[in-house]
There are 2 protein chains.
Amino acid sequence: MANDAGVRRSSMREVARAAGVSVSTVANVLSRPAIVAPETRRRVEQAIRHMGYVRHGPARQLRGLPSPIVGSVILDLANPFFAELNRGIEDRLAEAGCLVLACSTDLQPAKERQVLDLLEEQAVRGVIIAPIGPDPAVLLEMSRRGTPVVLVDRPRDGLDLCAVGVDDVLGGRLAAEHLLSLGHRRIVYLGGTFETGTVIRRREGVRQAMRAAGLDPDDLLIDLRLPIHPPPLVEAAAAGVQQILAERPLPTAVLCLNDTAALGVLHGLGVAGVKVPQDISVVGYDNLAFAAGLAPALTTVNQPKYQLGRAAADLLLDEARPDHAHREIRFRPSLVIRASTAPPRRA
Amino acid sequence: MANDAGVRRSSMREVARAAGVSVSTVANVLSRPAIVAPETRRRVEQAIRHMGYVRHGPARQLRGLPSPIVGSVILDLANPFFAELNRGIEDRLAEAGCLVLACSTDLQPAKERQVLDLLEEQAVRGVIIAPIGPDPAVLLEMSRRGTPVVLVDRPRDGLDLCAVGVDDVLGGRLAAEHLLSLGHRRIVYLGGTFETGTVIRRREGVRQAMRAAGLDPDDLLIDLRLPIHPPPLVEAAAAGVQQILAERPLPTAVLCLNDTAALGVLHGLGVAGVKVPQDISVVGYDNLAFAAGLAPALTTVNQPKYQLGRAAADLLLDEARPDHAHREIRFRPSLVIRASTAPPRRA
DNA sequence: ATGAAAGCGCTAACAG
DNA sequence: CTGTTAGCGCTTTCAT
């Protein structure tokens, strides 16, 4: 009751006593002020101000009001892609008076489980999640138990949930088609030792583009995988440059799993004295704020990060409506050609 | 009770009925399993699993247990500085089983107020805040009413609150001393039309360094202010380059309010054909992940972002201890010299 | 227009 | 070891 500073929130009962009315009148002043006599209302409002009374959310929730809190469970909030996505969620929710409980899972399934349990215990309004693994069982159960779940970056696949995402296969295809049309025939796909569905689907898009061009992906594509979690991705990518340069014949282009990895690769290549794009072309993914400012400016695939977040929040809020039907919203990525790609040296 | 899908959480009473025991036995199984007879416990646990029972946090809170939720109120979660700070908060809180309710204020006092009210209503465990304005009155009241408040990026100044921060004056001084020692005597301080205390204090540090060198800040320092919120800071900074180049005599160095602004300035200077660092030196602030990867690599002032967050969470968690005493933790920034600074052309 | 009362799901004495 | 009981602070009929 009393916290350790000896302070205690005042309750409605105390306000009521101070104003000389009943608790229900205080409740009315707060929830339907119109039905309270002006003079009574004035007295109650004054008491509220005077005592610094603040409504107790958990108690209201216990009475059946919906929680204003929505959980956002994503891979890493410090990753600018997710940070911006999260801003989209936050802003859309704010319009509905809701707040975001943001949780990073760092690709660790145990963390994901733990956070989901906590969120369900808190009886949040719902959860928006970019799941680590492909198994939706836990999420379906949560949803069945009454906590709405919206998927991000994972296709709906007929699941009984809402989903928002970007067409990753298309994104991979766009990037690959660009390189192929420049004449590249020896291309590294720089992925991770542990990959989310998005990265896997993009690689599939890359292979698709090659097949569509009448080429054999197994000949053209070199799969390299960075250790993801420690060390920081920029450094892992910079270190990965050694592996790229060790390939024979030397690759002429690198498709990176995201812009941060591309940043590391650019740096590593610079240190190694390899010129971009003259010696090697580099393509990023995400189109983060810094991509245009790099030297050379980074060719990359743009994703509507903020809009993804807004859309996810939209769907989540819609779950409260009686006529809600689960659905999927899918955005299209787009290629942004800048200065880090060019035809290979001797085409 | 029932949400719109017609689902309802099962309650302890239902579990108790299903297991043929009383609610308190179920409660015991959950909170002090040791005192329950093994056979009874087994039955109860099975019922819990079978019904998918999940404890109801708000009800527990109503009984006096502390909320596991901590509010984090910062300027902008999509700003990498705050995103990383927030990860520090999140990780430290996770160790204590707590979650972060993250809110961006976008420098709008109205948003800050609104979010603080919501957090207090939710009866969160406490609030970590990088306040927009200098007036601590609302925060002191919240704290007095029983919601602990920890200040970030704002000096404690004897307030009855905990605070964590970085020595901003020192940060400004380090940056300025570096430029002065290179021989620069015409320096732009690129701030904002609306500035937080941190930016103001850094400018003060810059002036201090000049005075300490026996120079007059009013002669050397050119104050330029970027419109902060829209448009995006990178673009605002790129546009600000026009103003820099319009100054006569031409400045030889630019101190930017952060790395993102520096990125924009670098870009704008590049477009204008001005060479960095030969024609103009550029210094950032924060040492974000991309700073080292820029061309030229950015000289900047490092702040321990993640550690700041951890320290803030530490202090907040400590507020629950009976012997807690408010205190301040202050970190030291450090200068990271890279390639974007050099002596002015004709010294 | 106001008040009395029931009860949301849970915890913590206390009794047995 | 298990059950009974009394609320926590609030919303919401239903009387008055």
Side-chain angles (χ1 to χ4, degrees), chain A residues 1-3 7-45 47-48 51-68 120-124 145-147, chain B residues 1-3 7-45 47-48 51-68 120-124 145-147:
Chain A
M1 321 295 75
N3 85 3
V7 241
R8 243 200 76 216
R9 297 169 78 103
S10 39
S11 73
M12 249 180 172
R13 228 191 14 240
E14 291 162 330
V15 173
R17 183 144 16 91
V21 297
S22 72
V23 281
S24 30
T25 296
V26 178
N28 282 335
V29 168
L30 258 22
S31 303
R32 312 120 85 181
I35 76 162
V36 180
E39 164 55 15
T40 314
R41 186 164 76 209
R42 211 196 43 69
R43 257 183 17 246
V44 172
E45 281 166 347
I48 287 176
M51 314 177 59
Y53 169 76
V54 178
R55 289 199 318 210
H56 194 270
R60 306 184 74 205
Q61 215 178 318
L62 193 52
R63 284 295 330 205
L65 303 196
S67 164
E120 192 171 359
E121 270 199 18
Q122 289 314 302
V124 296
R145 271 184 242 118
T147 302
Chain B
M1 323 299 77
N3 85 3
V7 241
R8 242 200 76 215
R9 298 168 77 102
S10 40
S11 73
M12 251 183 172
R13 224 184 26 234
E14 290 162 330
V15 173
R17 184 145 14 93
V21 298
S22 73
V23 282
S24 35
T25 296
V26 177
N28 282 336
V29 168
L30 257 22
S31 303
R32 313 118 86 179
I35 75 163
V36 180
E39 163 56 14
T40 314
R41 186 164 76 209
R42 209 195 44 69
R43 257 184 15 249
V44 172
E45 281 166 346
I48 287 177
M51 314 178 58
Y53 169 76
V54 178
R55 291 201 309 212
H56 194 269
R60 306 184 75 205
Q61 215 178 317
L62 193 53
R63 284 297 328 207
L65 302 197
S67 165
E120 192 171 0
E121 271 200 17
Q122 288 314 299
V124 296
R145 271 185 240 117
T147 302

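Chain identifiers are assigned alphabetically (A, B, ...) following the order of the sequence lines, protein sequences preceding nucleic acid strands; residue numbering begins at 1 within each chain.
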Testing D:dG9, D:dT2, C:dC10 for proximity to the side chain of B:H56, the answer is C:dC10
A:R60 atom CZ is separated from D:dG9 atom C1', nearest whole Å, by 11 Å
Here the gap from A:R145 atom CZ to A:T147 atom OG1, rounded to the nearest 0.5 Å, amounts to 7.5 Å
Next on the checklist: Would you say that B:S10 contacts B:R17 through its side chain, given a criterion of any heavy-atom pair below 4.5 Å between the two side chains?
Outcome noted: no
Original post:
Can you check whether A:V44 reaches A:V21 side chain to side chain, under 4.5 Å on heavy atoms?
Top reply: yes
Contact check, residues 10-20 of chain A vs DNA chain C, heavy-atom distance under 4.0 Å, returns none
Establish, with yes or no, whether the OP1 or OP2 oxygen of D:dT2 is under 4.0 angstrom from a side-chain nitrogen or oxygen of B:R43. no
The reported gap from CD1 in A:I48 to CE in A:M12 (rounded to nearest 0.5 angstrom) is 7.5 Å
Nearest heavy-atom contact between B:A123 and A:H56 is CB-NE2, 4.0 Å
Whole-Å distance, B:Q61 CD to D:dG9 P, equals 12 Å
Between CZ of B:R63 and C1' of D:dG7 the distance, given in whole Å, is 6 Å
Between CZ of B:R55 and C1' of C:dG9 the distance, given in whole Å, is 12 Å
Those residues at least two apart in sequence (or on a different chain) that pass salt bridge (Lys or Arg N to Asp or Glu O under 4.0 Å) with A:R42 are A:E39
Distance col, row A:N28:CG vs A:R41:CZ, nearest 0.5 angstrom, shows 11.5 Å
By side chain to side chain donor-acceptor pair (under 3.5 Å), A:S24 pairs with (sequence neighbours left out) A:S22
For A:E120 and B:R9, the nearest pair of non-hydrogen atoms, with its separation, is O-NH1, 3.0 Å
Atom CD of B:E39 and atom C1' of D:dC1 are separated, to the nearest Å, by 13 Å
What residues 31-38 of chain A contributes to the DNA chain C interface at heavy-atom separation below 4.0 Å is A:I35, A:V36, A:A37
Axis-to-axis angle across the helix from C:dA1-D:dT16 to C:dG16-D:dC1, five pairs each end, nearest 10 degrees, ~ 40°
Regarding the side chain of A:S24, the nearest nucleotide among D:dG3, D:dT11, C:dA4 is C:dA4
Sorted by chain and residue number, the side chain to side chain donor-acceptor pair (under 3.5 Å) partners of A:E14 (sequence neighbours excluded) come out as A:R8
### Query
Side-chain donor or acceptor of A:T25 under 3.5 Å from a matching atom on the base of C:dG3?
no
Value for CZ (A:R60) from CG (A:L30), rounded to nearest 0.5 Å, stands at 7.5 Å
Of the listed D:dG3, C:dC10, C:dA4, the closest approach to the A:S22 side chain comes from C:dA4
Answer whether the closest heavy-atom distance between the side chains of A:S67 and A:Q122 falls below 4.5 Å.
no
In whole angstroms, the gap separating C1' of C:dC8 from CG of B:L62 amounts to 9 Å
Here the distance between atom C1' of D:dG7 and atom CG of B:L65, to the nearest Å, is 14 Å
Rounded to whole Å, CD of B:E121 lies from P of D:dG9 at a distance of 15 Å
